[in-house]
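Here's the structure we're looking at; comments come further down.
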Amino acid sequence: MEKITITLPDGSTEVHQAGESVREILSSRCGDAIASAVAARVNGQMVDLSRPVLEDSSVELVYISSTEGLGVLRHSISHIMAQAVQDIFKGVKVTIGPSIEEGFYYDFEYANTFTPEDLEKIEARMREIVSADHPFVRLEMSRKEAAAFFEKKGESYKVELINDLPDDVTDVSLYTQGDFVDLCRGPHIPSTGMITAFKLLNVAGAYWRGNEKNRMLQRIYGTGFATQEELASYLTLMEEAKKRDHRRLGRELDLFQLNDEVGPGLIIFHPKGTLLRTIIEDWERKEHLKRGYDIVMGPQILKVDLWKKSGHFEHYRENMYFTEVDDQAYGIKPMNCLSHMLIYKSKIRSYRDLPLRYFELGTVHRHEKTGVLHGLMRARQFTQDDAHILCRPDQLNTEIRAIADFVDYAMGVFGFSYEVELSTRPNGSIGSDADWDLATEALKLALEDNAMTYDINEGDGAFYGPKIDFKLKDALGRKWQCATIQCDFALPERFDLSYIGADGEKHRPVMLHRVILGAIERFMGVLIEHYAGAFPVWLSPVQTSILTVTDSQIPHGEKVYSRLLEAGVRCERDFRNEKLGYKIREGQMQKVPYMLVVGDREVESGTVSPRERDGGKNLGSMSIDDFIAVVREKCDGFE
RNA sequence: GCCGAUGUAGCUCAGCCGGUAGAGCAACUGAUUCGUAAUCAGUAGGUCAGCGGUUCAAAUCCGCUCAUCGGCUCCA
């Protein structure tokens with residue numbers, strides 16, 4: 001028997017027989033620990049504990065506590081779910097069932113639909129499979145054999161998957177637990193009995209292979225954890241997320257409404273929502289002016305011919321609204337670029353004039369499909385903090401880097417971290433390959449110059465150019481696309497934009513489309529959920545509320561109110577005939593940062609007693625001016 | 001747009017096997033004048049999403065439409 005050398009995580013080595021399984025190799029060494037391992041990593045590759053090791057290798061155990069280990073567990077649960085589903089329902093075909101960030105899913109083809117009651121039945125059957133403690137067994141077959149095997153079972157999706165494997169794949173692996181067999185790369189946990197905590201969550205439709213031209217399958221989502229406690233805390237977190245839902249908070253905090261009588265995807269901003277929005281917009285204008293942008297404004301509707309010229313009519317028509325005025329066809333703008341192009345064209349431009357940066361808080365309309373609408377996050381009318389930068393090719397790098405810095409600054413101000421993605425040329429786009437390459441390279445280079453790490457999203461660019469997307473992460477770790485930078489050679493070409501170079505000849509400028517917060521509506525939605533409605537002082541539409549103890553302090557309360565308004569503090573009065581505790585409770589639920597208690601003591605000394613929302617601390621009585629200073633300090637650097 | 005679920009008072013929800021609607025909170029009115037998360041009492045509030053069908057009778061059963069929610073595809 002051949003001997004092999006095994007390197008352990010601590011760097012030590014052992015000699016073993018070739019062909020011993022990972023479990024055999026590590027059992028003496030790791031003792032009890034191996035019982036809680038779900039899989040192993042051999043030379044960096046994830047494998048089953050039962051996998052034989054044939055050559056010199058480094059070997060380590062993978063536990064549920066690691067992200068990968070949890071993924072293995074969840075993936076195994078998805079197999080058990082598939083088994084349970086096929087046990088209970090006849091005529092179900094299996095497709096794919098991966099683990100995902102928060103759990104797992106499995107897609108099935110089934111003539112009937114799964115109901116919530118079915119999920120309970122499936123869960124019950126899964127528990128039986130778990131207690132039967134079936135081992136997960138790996139089988140290897142040639143792809144031909146495997147295809148024939150699944151063909152015979154009528155599992156046509158599996159056959160399709162096998163047939164679509166790259167040509168150089170000769171063998172595939174299958175996993176069985178009990179009498180269930182599935183095509184699968186693995187690895188899996190040793191046996192079904194290892195599972196302690198799982199729950200099926202919901203049923204949803206999903207296209208086969210994510211393509212809307214394909215058949216719609218039924219997807220069952222579930223999740224699993226190492227312990228019941230972790231599962232319970234996950235479910236609690238979901239409840240918390242629900243409480244932060246911006247649609248719910250929007251109503252509770254009286255920020256905005258979505259009304260059926262108005263129409264889907266159309267938002268009415270109430271006074272407080274409008275105030276919040278105005279604060280953000282004022283901040284934007286100031287920050288843009290600081291960075292050398294010019295603020296501009298274009299019309300809401302532009303003639304259809306102009307949209308034909310830009311390419312939007314051809315490439316974006318399904319998302320546009322059209323109208324007619326005096327027998328003339330108009331398109332309602334889904335993007336703000338056209339007016340900006342015409343501003344550029346209104347004069348002859350010199351190379352010395354560039355870059356020109358046109359900024360518009362531009363309201364656009366897009367006909368979004370009904371199924372995607374979602375409160376403020378996905379609306380049919382929204383306002384972008386949009387800008388178009390026209391520059392010389394040699395300025396591209398500096399401009400892109402400056403935008404990336406701007407985004408970085410803005411995310412810091414609002415308290416978000418973010419990730420960066422670069423999206424390349426999609427199908428059906430306009431422009432030459434050379435320009436696309438140039439633009440893509442420019443974006444890439446700027447990111448690298450700024451030392452930003454990024455992922456590449458192949459084929460996900462806009463129809464006119466590649467883009468950098470910034471996905472911000474909120475307090476619950478959810479990601480939202482907000483900022484984007486898009487590089488565009490096509491529109492300057494279509495509009496025949498030019499500048500006079502140092503050589504006295506005409507040259508073509510390059511254009512950057514970019515947003516920092518994205519859509520103000522979406523950004524507000526994200527902010528609401530991020531802060532759970534408890535905005536920092538500088539953003540709070542109501543910064544303070546004055547609470548009288550009894551009616552007799554109303555005159556003093558009014559005085560405080562007008563002093564605060566005058567000082568620019570956003571302020572409300574709660575002079576109702578209610579007990580102080582009642583008013584405080586309400587102010588707390590309305591998430592007002594400071595409540596100013598005004599009782600006889602304050603009247604006498606001409607002061608206020610602020611109570612902090614966060615922590616409920618009573619700051620004691622202070623003069624009105626001192627309180628104004630407290631608010632100003634909290635807003636310092638933002639406004 | 002696709003798959004599924006849901007739609008009852010401002011909000012959260014109850015309303016069984018069909019017999020013309022109910023609670024809590026909110027609102028309003030009155031009393032109370034109160035010191036850091038809910039004072040008491042009373043009043044009002046519903047074309048049961050809309051339209052059509054079945055039935056002696058529909059919130060309840062059936063169909064269509066609209067909207068919302070969870071996903072898929074798409075996206076700021």
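Here is the naming used below: chain letters follow the sequence lines, and residue numbers restart at 1 for every chain.
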Assign [X] to base, sugar-phosphate, or nothing according to its heavy-atom contacts below 4.0 angstrom with the strands shown.
{"X": "A/A379", "answer": "base"}
{"X": "A/K467", "answer": "sugar-phosphate"}
{"X": "A/Q481", "answer": "sugar-phosphate"}

A/E360 and A/H340: side chain donor to acceptor below 3.5 Å: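 Distance-only check passes for A/E360 and A/H340.
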
Is the base of B/A76 touched by the side chain of A/E368 through a donor-acceptor pair closer than 3.5 angstrom?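 Side chain to base: pair found, below 3.5 Å.
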
Value in whole Å for how far the [atom2] atom of [N] lies from [atom1] of [X]:
{"X": "A/H388", "N": "B/A76", "atom1": "NE2", "atom2": "P", "result": "12 Å"}
{"X": "A/F416", "N": "B/A76", "atom1": "CZ", "atom2": "C1'", "result": "14 Å"}
{"X": "A/K471", "N": "B/C75", "atom1": "NZ", "atom2": "P", "result": "10 Å"}
{"X": "A/F575", "N": "B/C34", "atom1": "CZ", "atom2": "C1'", "result": "17 Å"}
{"X": "A/R585", "N": "B/G35", "atom1": "CZ", "atom2": "P", "result": "19 Å"}
{"X": "A/F463", "N": "B/A76", "atom1": "CZ", "atom2": "P", "result": "11 Å"}
{"X": "A/R277", "N": "B/A76", "atom1": "CZ", "atom2": "C1'", "result": "13 Å"}

Expressed in whole Å, how much space separates the C1' atoms belonging to B/G52 and B/U43?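 It comes out at 38 Å once rounded to the nearest Å.
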
For nucleotides B/A58 and B/A67, find the distance between their C1' atoms and express it as a whole number of Å.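 Pairwise C1' distance, B/A58 against B/A67, rounds to 22 Å.
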
Measure from the side-chain N and O atoms of A/Q543 to the backbone N and O of A/V537, and report whether any donor-acceptor pair falls under 3.5 Å.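 The answer is yes, because a donor-acceptor pair under 3.5 Å joins these two groups.
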
Report yes or no: does A/R613 contribute a side-chain atom to a donor-acceptor pair with the main-chain N or O of A/K591 at less than 3.5 Å?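 Confirmed, A/R613 side chain pairs with A/K591 backbone.
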
Show your reasoning for whether salt bridge (Lys or Arg N to Asp or Glu O under 4.0 Å) applies to A/D469 and A/K467. CA-CA 6 Å; A/D469 287 328; A/K467 59 177 181 168; 3.5 Å; yes

Charged N to carboxylate O under 4.0 angstrom, [X] versus [Y]?
{"X": "A/R209", "Y": "A/D164", "value": "yes"}
{"X": "A/R285", "Y": "A/D282", "value": "yes"}
{"X": "A/R573", "Y": "A/E558", "value": "yes"}
{"X": "A/E586", "Y": "A/R576", "value": "yes"}
{"X": "A/R244", "Y": "A/E240", "value": "no"}

What residues form a ring pair (Phe, Tyr, Trp, His ring centres under 6.0 Å) with A/F382, not counting sequence neighbours? none

Kindly indicate whether a cation-pi arrangement holds for A/R291 with A/F406, taking the cut-offs as under 6.0 Å to the six-membered ring centre and within 45° of the axis. yes

Taking the six-membered ring of A/F269, is the NZ or CZ of A/R277 close enough (under 6.0 Å from the centre) and on axis enough (within 45°)?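 That pair qualifies as a cation-pi contact.
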
Geometric class of the A/H312/A/Y316 ring pair [parallel <30°, tilted 30-60°, perpendicular >60°]: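 Rings of A/Y316 and A/H312: perpendicular, over 60°.
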
For RNA chain B, what residues of residues 597-618 of chain A have any heavy atom nearer than 4.0 Å? A/V597, A/G599, A/D600, A/R601, A/E602, A/S609, A/R611, A/N618

Strictly under 3.5 Å: I want the nitrogen or oxygen pairs between protein and nucleotides 39-50 of chain B, one per line.
none

Taking CD in A/E604 as the centre, count heavy atoms belonging to other residues, nucleotides or ligands within less than 6.0 Å. Is the count above 12?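 No - once you tally the heavy atoms of other residues, nucleotides and ligands closer than 6.0 Å, there are 12 at most.
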
Dump every N/O contact between nucleotides 9-13 of chain B and the protein below 3.5 Å, one line per pair.
unit_1, atom_1, unit_2, atom_2, d
B/C11, O3', A/R251, NH2, 3.4

Could you encode protein contacts along nucleotides 65-72 of chain B as a string, one character per nucleotide from 5' to 3', using B for base contact, S for sugar-phosphate-only contact and - for no contact, with a heavy-atom cut-off of under 4.0 Å? --SSSBBB

For a stem of at least 3 consecutive Watson-Crick or G-U pairs with distances under 3.5 Å, i pairing with j, i+1 with j-1 and so on, which stems involve RNA chain B?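 When the pairs of RNA chain B are grouped into runs of at least three, the stems are B:1-7 with B:66-72, B:10-13 with B:22-25, B:27-31 with B:39-43, B:49-53 with B:61-65.
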
